[in-house]
Amino acid sequence: MMQLKIDISNGKPFIGDKCLPRYQEEVDKCHQMLVNRTGKGNDFLGWMDLPETIEEEMINRINEDAAWIRAVAEVFVVIGIGGSYLGSRAVIEALGNPFQGLIGRKGHPLVIFAGENLSEDYHANLLELLDHKSYAVAVVSKSGTTTEPAVAFRLIKKHLEDKYGREEAGKRIFAITDARRGALKNLADNRGYVSYVIPDDVGGRYSVLTPVGLLPIAVAGFDIRVLLDGARQMREIALRSSDCEQNPCAMYAAFRNIIYRNGKFIEILVAYEPTLLYFIEWWKQLYGESEGKENKGIFPAGVTFTSDLHSMGQYIQEGMRTIFETVVSVEQPAKTLHIPDDPDNIDGLNFISGKRLSEVNRMAELGTMMAHVDGGVPNIRITIPAINEYTIGQLIYFFEFACALSGYALGVNPFDQPGVEAYKKNMFALLGKPGFEKETENILKRIEK
Ligand code: PA5
């Protein structure tokens with residue numbers, strides 16, 4: 001099977017030839033920490049084995065539930081935030097037709113997302129849409145207590161019960177949460193919802209290969225076995241060796257840590273396929289939450305080209321020289337489109353007539369890479385042969401494993417996110433949540449000043 005490749009030749013001039021071999025020892029240590037489970041956060045390493053440990057029975061169950069949902073629903077609403085929605089959205093959008101919402105084929109429900117924001121307009125518009133659609137819901141929360149999805153679920157549950165009655169609504173709700181704890185677990189048990197467990201040792205942003213990602217992906221009509229196969233193949237490569245020349249995860253983790261120490265504090269993940277927009281969002285969360293702590297870490301940003309060459313392109317070419325780019329490059333599109341010849345040639349485009357649009361896109365990619373490197377922006381390229389379940393599975397595992405290695409190289413715990421609590425504390429204090437009385441008093445005084 002063709003596999004993901006990494007090319008750092010356009011990054012190397014920025015770090016020098018000797019740097020990587022010198023850094024290998026550091027990578028070996030981090031790799032050992034990870035595979036021997038001796039590093040920080042080692043009680044959250046379940047994601048590492050998911051492609052192997054997921055049971056056949058679980059895959060069958062997910063596929064059966066997905067088939068039922070596909071038969072009864074025009075819309076499947078996935079309620080969750082952060083790691084509880086970004087992975088499924090990333091995969092569904094990467095593999096899907098960008099115009100899926102307008103195609104509306106029977107038996108192919110549109111998967112849409114809720115509870116990833118607190119916008120009144122967003123949720124009111126969603127409920128208005130659901131008035132006219134048959135639908136089912138997945139509510140996803142590892143902790144089972146996160147405010148945004150809990151609020152969205154309360155709204156949607158009421159809508160669903162009003163529409164179908166409590167009994168039928170209960171059949172259309174799928175709860176994906178912790179095995180034992182949390183308000184969602186209690187609600188699911190109390191109402192008898194079909195439930196899936198998020199393993200204790202898998203954190204939100206590493207959970208796409210659990211039912212969190214797999215159920216919505218299967219509902220969208222994609223082959224979760226092939227997705228897992230791709231991840232499994234990358235797992236073998238990732239675990240087998242820590243040698244940067246053999247293991248692309250090790251190479252990526254090493255490169256980004258070396259370049260960070262050379263003053264490149266911002267990494268931009270670039271894609272030339274707009275369907276990868278949410279893959280970039282998933283990657284931003286994975287790296288931002290895993291590494292951005294203790295006043296350290298590369299800031300993960302993302303762009304889709306060529307669109308963003310007409311917005312962010314100026315900055316990347318000539319702004320502060322603290323950035324580097326990682327391009328996710330796709331060799332072959334799934335479809336074929338030739339640029340037609342036009343005898344009038346008023347637009348002057350006959351010099352590219354007969355070419356495939358992907359060839360023009362490829363030249364844009366090559367030309368941009370050269371311009372950015374000339375402008376002082378190191379460039380790494382991660383190439384996949386095409387976008388499909390297998391390669392997306394590979395990419396997921398590649399970025400997860402590299403993130404864990406990279407976090408260890410940085411010296412942080414890549415599996416916690418203590419900083420996410422700060423805004424919650426203030427929000428609860430401002431909303432007068434029971435148990436936050438002292439905080440409410442303090443925050444109100446602070447506002448009065
Ligand atoms: O990666 C993480 O752990 C977080 O981004 C969580 O996924 C996010 O905060 C949602 O948490 P929960 O699934 O508990 O609702």
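Hydrogens, waters and symmetry mates are skipped; everything else that's a heavy atom, side chains included, is used. Both counts, for ligands and for their atoms, begin at 1 and track the order of listing.
Under the 6.0 Å cut-off for aromatic ring centres, Phe14 and Phe324 do not qualify, their centroids lying 6.0 Å or more apart.
Using a heavy-atom distance under 4.0 Å as the criterion, the protein contacts of ligand 1 are Ile81, Gly82, Gly83, Ser84, Ser141, Lys142, Ser143, Thr146, Gly204, Arg205, Gln285, Glu289, Gln417.
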List the steps, then state whether salt bridge (charged side-chain N to carboxylate O under 4.0 Å, His left out) holds for Asp131 with Lys163. CA-CA 8 Å; Asp131 283 341; Lys163 185 171 174 128; over 6 Å; no
Test salt bridge (charged side-chain N to carboxylate O under 4.0 Å, His left out) on Arg172 and Glu168; report intermediate values, then the result. CA-CA 7 Å; Arg172 287 173 178 260; Glu168 172 66 14; 2.8 Å; yes
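Heavy-atom contacts from other residues, nucleotides or ligands closer than 6.0 Å to CD of Glu120 number 12 or fewer.
A salt bridge does not link Glu161 to Lys158: none of the charged side-chain nitrogens sits closer than 4.0 Å to a carboxylate oxygen.
In this structure, the ring-ring contact (aromatic ring centres under 6.0 Å, His included) partners of Phe401, at least two apart in sequence or on a different chain, are His31.
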